[in-house]
Amino acid sequence: VNHQTARKPVIGGNWKMNTTLQEAVDLAVALKLRLTDIQDVEVIVCPPFTNLHAVDQTLAGSDLELGAQDVFWEKKGAYTGEISADMLRSVGVKTVIVGHSERRHILGESSEAVNKKGRAALDGGLRIILAVGETGDERATGMTETVLDQQLRESLNGFTEEDFASVIVAYEPVWAIGTGLTATPDQAQVAHEFIRNWLGSEFALEVAASTVIQYGGSVTSANAVELLGQPDVDGALVGGASLKPDEFAGIVQAQQLVLGGPARAL
Ligand code: 13P
């Protein structure tokens, strides 16, 4: 399966644990100024929880959407420190990242937990960006596809074809995150094609054809055109470069260029 269809690319900015309230507002203002009239590409910014409401207000009237970095699977109650889908929606969040490798590896989150979070997010009216990806050791030992298969299988357990209207997959090789060691365009394409074929065989060809698969891992404005130009790469999930307004806007512009749209002056 290798459909270049009408999938609308999605560029996400994962701000991770960066920005105080004022820094977040300043960053949102800077992005809003640089990113106008972007109808061919969806752009989502994912600030820390503490800055969601302020960024939502700052982005009002812009083409930028609000996302969050995590969600808990219960609806409410005695879960100290956790944040529900309803809470996220109440501050304007439409999309939430689940299964980011930093949560899997630093916080010990299992694919079972990721599955429960994804389910709760969808049931709570959110769209998810499900992040998957192999470590450097796993790639070196030829385990990439085994790891992707297992992460996808466990994280999407119980999902239906209909659910995929609200699912984005982000392929984020762990060895490429925050390291400057971007996957080559070919490495990205091979992994994305594997994920797309997997969606086709485990769910439906229609799911494979329509699901947006983002690449994440040291994406910059300099390498974006080549990566985003791959047939199965439908956007990017950007960490470090999403904190730099010109860089992030440059990545969105690269996506527009790849689509053949007008290259806007920044
Ligand atoms: P970097 O772009 O900093 O490598 O981070 C990628 C990422 O983890 C996005 O979720």
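Predicted model, so just to flag it, every value in this text is computed and none were measured. Counting convention: from 1, in listed order, for ligands and their atoms alike. Numbers here simply count residues along the sequence, with the first being 1.
Here A176 has backbone heavy atoms under 4.0 Å from ligand 1, and that is the only part of it that gets that close.
With respect to the salt-bridge test (charged N to carboxylate O, under 4.0 angstrom), the residues K94 and E42 do not qualify. With respect to K116 and D123, no salt bridge is recorded, no charged nitrogen being found less than 4.0 Å from a carboxylate O. With salt bridges taken as basic N to acidic carboxylate O contacts below 4.0 Å, none links K76 and D86.
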Which atom pairs, one a donor and one an acceptor, fall under 3.5 Å between side chains of residues 52-62 and the rest of the protein, sequence neighbours left out?
unit_1	atom_1	unit_2	atom_2	d
T58	OG1	A54	O	2.7
S62	OG	L59	O	2.7
S62	OG	L64	N	3.1

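Close contacts of ligand 1 with N14, meaning ligand atoms under 4.0 Å from a residue heavy atom, involve 9 (C), 10 (O). Every atom of ligand 1 is numbered from 1 in the order shown, and the set under 4.0 Å from a heavy atom of E172 is 6 (C), 7 (C), 8 (O), 9 (C), 10 (O). Ligand 1 places these atoms under 4.0 Å from at least one heavy atom of H100: 7 (C), 8 (O), 9 (C), 10 (O). Near G217, meaning under 4.0 Å from any of its heavy atoms, are these atoms of ligand 1: 4 (O), 6 (C). Remark: ligand 1 atoms within the under-4.0 Å shell around heavy atoms of K16 are 5 (O), 6 (C), 7 (C), 8 (O).
In this pair, Y215 and H192 present their aromatic rings tilted. The plane angle is within the 30 to 60° band.
For R119 and F159, the positive end sits near the middle of the six-membered ring, less than 6.0 Å away and at most 45° from its axis.
Residues passing the side-chain hydrogen bond (donor to acceptor under 3.5 Å, both in side chains) test with S218: none are found, sequence neighbours excluded.
For the residues G239, G240, G178, the heavy atom positioned nearest atom 4 (O) of ligand 1 is part of G178.
Distances between N or O atoms of E102 and those of ligand 1 include no value under 3.5 Å.
Contact between G12 and ligand 1 is absent, with no heavy atom of the residue lying under 4.0 Å from the ligand.
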